[in-house]
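Accompanying notes for the structure given below.
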Protein chains: 2
Amino acid sequence: MKATIRDVAKLAGVSVATVSRVMNQNGYVNSETEQKVNRAMKQLQYVPNQMARGLAGKRTKTIALILPDISNPFFPGLARGVEDIAQNNGYTVILCNSDDLGVKERSYIEVLKKKYVDGIIFATNNLVREDLERLEEAQIPFVMLDRAPDMKSGCVITVDNFGGAKAAVEHLLDAGCKKIAHIYGPKELVTAKERLEGFEEVARKQPWYTPTLLVPGDFTIDGGAKAVEALLRNHPDVDGIFAGNDLMAVGALKALNRRGISVPGEVAVCGFDGVNLTEITQPELSTIAQPIYQIGELAAKKLIERIDQSSSHYETVELGVSLIVRDSTKKS
Amino acid sequence: MKATIRDVAKLAGVSVATVSRVMNQNGYVNSETEQKVNRAMKQLQYVPNQMARGLAGKRTKTIALILPDISNPFFPGLARGVEDIAQNNGYTVILCNSDDLGVKERSYIEVLKKKYVDGIIFATNNLVREDLERLEEAQIPFVMLDRAPDMKSGCVITVDNFGGAKAAVEHLLDAGCKKIAHIYGPKELVTAKERLEGFEEVARKQPWYTPTLLVPGDFTIDGGAKAVEALLRNHPDVDGIFAGNDLMAVGALKALNRRGISVPGEVAVCGFDGVNLTEITQPELSTIAQPIYQIGELAAKKLIERIDQSSSHYETVELGVSLIVRDSTKKS
DNA sequence: AATCGACATGTAACCGGTTACTATAAAAAT
DNA sequence: ATTTTTATAGTAACCGGTTACATGTCGATT
């Protein structure tokens, strides 16, 4: 029914090895023979069975992307970047949502091993060193985002959270803010921590600085809103807020709105990440934009590079972020 | 290095067939033998090779989800629904972005055939009957969203676009609107067409109805904004807008905002889809919500059902939509 | 003339499972 | 007592590729 390599070989009057050589463009093949084989393949509408290829050749042309939750606005763009590059290189992407649960991440890794994926991209936070070491042993190339556990192998892609946070605060100062608060994300996350440190780096030197200007959110809209409520209780005179991510900035905006506090008039707000959401709020949100799509692209490129050359040296790349000024910080 | 079924067989002192039987729980196996095998598997940390299984058994435990663009806010929720169900059933999901380009869709189908995915979910619009027929021939189960090309096989999941649109208009009327416009999406898309028809069904009976109240958007934020600009030129007195999807509703909101027209005071706005975005605009958007996540879940369930029972009868399921009233339509 | 390397192609083992078929003993049916 | 069924387990072919190794030709080198 469905043509196999042996059918092609028979029709072309050659051996299966020759057909394989033609397909993979390796080894010596006379160009006339090649023509014959190609014709036979076309005639039979031959489609090589990836499964068999994988079994024999140990390559599945499949990579996996493990992320906390594709519903989180940060990830679709990233996933798209990964997928585009993958597609261009003949790879296919398996999507895995871990909800940032260590168990799920680990169980996914097991499944992915069974499926012999060629590599894995992690945009997730709960893997411990041990897990990564297991990957190393299994010889599965991987790329991690936002996390730099120093190891012998693996590639880590990060962005300049510290610098970005500093830029955000400086921008708020430039905009004329006289008392700036920071809503920070879960301290277990490096990104959240670095942004907080960036904030402090600049804020500490300001006359108005006091530790109670640091309030915890949890990287969610709701968390951001609640943080603002809490903040206003202690500091009704705050006139600038730097949220650790855009979702919390949105929450902050909502809370301020409910309270009838005008943005940017009374309080300026700046987010971090640069997700699309920031363009649809009212006012539109200023933010420190990460090159989300490009991070995805880069992660995929690096991973494929590693797969193709089966190299695994440790490597880390830091990307820049950029301040995008929109209405939420235009105090005029 | 890595344990194979033969290693397990040897260690357990049985044949590979027996090991296979234990793994797949089929055929007769003495419970003591089973214990031995299980012990051996544990001891060797045996992980069956999915690739080999697929080759021999023709099951890859992998499904594919082809959608236009995961970056479009509508799809992450859907993808999540699909992935959750897939995961619960031991399936893995390959994500494919087609940009609604027929060529890409088709090329993906080819790749997926090579990879022997067990089934495909299409949330995309450019497949022609011929493509589906090819899938039928190839015996690949599939589920389609939003599109009901009647065929012999396949499962189609739709929502009540027509009814939803009617509900939207009626809601705007209830809110006191005296002249309602509709921004419709690409007419090639059934969803857009049905919503437009729903709008007309109710609007046509109204004294203020005139065809120029129908303006084209293209299901994007920008398209929605431009549509409003155009609309206001002809109908400065419009006081209600039903956008064919939420993105256009957001665009409408932005355009109205720029013009200094208050929402809902002067113009009420209602969207369609129920994406998360609608909760972060100012004012929050009323919308006709589709059960997005559940659609994803259902699609995956139906697909897996078909795979497991290798049934392929044609089937169509229509889900309801629900009006969510928020500030954008609260006149008074 | 003998040797060597580049070119060309075939044979068959192998990747790691599944499963059809066969064999055998014990239990059940006749 | 004989036939059938049921329970248990092994052998080996097969899925559809890849590739190591063997074989052979032919012009170039020594």
Side-chain angles (χ1 to χ4, degrees), chain A residues 1-38 40-41 44-62 90 111 113-118 138-139 310, chain B residues 1-38 40-41 44-62 90 111 113-118 138-139 310:
Chain A
M1 149 95 263
K2 175 164 273 182
T4 74
I5 195 174
R6 294 173 220 267
D7 298 326
V8 175
K10 195 172 298 171
L11 181 60
V14 301
S15 73
V16 293
T18 302
V19 177
S20 178
R21 287 188 194 107
V22 171
M23 285 200 298
N24 300 297
Q25 316 237 52
N26 58 18
Y28 294 111
V29 178
N30 180 359
S31 62
E32 278 179 41
T33 312
E34 189 173 341
Q35 300 298 315
K36 273 194 297 184
V37 172
N38 279 128
M41 295 207 292
L44 294 173
Q45 298 195 58
Y46 172 66
V47 178
N49 181 329
Q50 278 294 338
M51 203 82 52
R53 282 187 135 173
L55 221 209
K58 321 261 157 246
R59 277 276 154 75
T60 58
K61 283 284 178 178
T62 303
V111 174
K113 270 190 192 167
K114 281 191 218 175
K115 298 218 170 174
Y116 283 61
V117 296
D118 292 338
Q139 308 249 45
S310 60
Chain B
M1 149 94 260
K2 176 164 273 183
T4 73
I5 195 172
R6 294 173 223 268
D7 299 326
V8 176
K10 195 172 298 170
L11 181 62
V14 300
S15 73
V16 292
T18 302
V19 177
S20 179
R21 286 186 195 108
V22 171
M23 284 201 296
N24 300 296
Q25 317 238 51
N26 58 18
Y28 293 113
V29 178
N30 179 3
S31 61
E32 277 179 42
T33 311
E34 189 174 340
Q35 300 298 316
K36 274 195 297 183
V37 172
N38 280 127
M41 297 208 289
L44 294 173
Q45 298 194 56
Y46 172 67
V47 178
N49 181 330
Q50 277 294 338
M51 202 82 53
R53 280 188 138 174
L55 221 209
K58 316 270 167 241
R59 277 276 155 74
T60 57
K61 283 282 178 179
T62 303
V111 173
K113 271 189 192 168
K114 283 191 218 175
K115 298 218 169 172
Y116 283 59
V117 296
D118 292 337
Q139 307 249 46
S310 60

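Below, chain A is the first sequence line, B the second, and so on; all start at residue 1.
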What's [X] touching, base or sugar-phosphate or nothing? Going by heavy atoms closer than 4.0 Å.
{"X": "B:Tyr46", "answer": "sugar-phosphate"}
{"X": "B:Val16", "answer": "base"}
{"X": "A:Val14", "answer": "sugar-phosphate"}
{"X": "B:Met23", "answer": "sugar-phosphate"}
{"X": "B:Thr4", "answer": "sugar-phosphate"}

Open item on the list: Counting only side-chain heavy atoms from C-beta out, which of C:dT18, D:dT18, D:dG16 sits nearest to A:Asn24?
Closed with: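 Given the options C:dT18, D:dT18, D:dG16, the side chain of A:Asn24 is closest to D:dT18.
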TODO: Could you state the atom-to-atom distance from CG of B:Asn30 to C1' of D:dA9 in whole Å?
DONE: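 About 10 Å, once rounded to whole Å.
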Open item on the list: Expressed as a whole number of angstroms, how long is the span from B:Met51:CE to C:dC15:C1'?
Closed with: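 Rounded to whole Å, this separation is 10 Å.
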- [ ] Please check if any side-chain donor atom of B:Thr62 sits under 3.5 Å from a side-chain acceptor atom of A:Lys115, or the reverse.
- [x]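 On atom types as modelled, these side chains qualify, holding a pair under 3.5 Å.
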Task: Overall bend - the helix from C:dA1-D:dT30 to C:dT30-D:dA1, comparing terminal axes fitted on five pairs, nearest 10 degrees - done: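 Nearest ten degrees gives 40° for this helix.
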TODO: Could you pull out the closest heavy-atom pair between B:Val19 and B:Val14, with the gap in Å?
DONE: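 In terms of heavy atoms, the two residues are closest at CG2-CG2, 3.8 Å.
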Open item on the list: Can you say whether a donor on the side chain of A:Arg6 sits under 3.5 Å from an acceptor on the base of D:dG17, or the other way round?
Closed with: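 A donor-acceptor contact between them is present.
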TODO: Only counting residues at least two apart or in another chain, list the ones meeting side-chain contact (heavy atoms from CB on, under 4.5 Å) with B:Gln35.
DONE: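 Only B:Arg39 meet the side-chain contact (heavy atoms from CB on, under 4.5 Å) criterion with B:Gln35.
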Between the protein and nucleotides 20-26 of chain D, are there any N/O to N/O pairs under 3.5 Å, and if so, what are the atom names and distances?
none

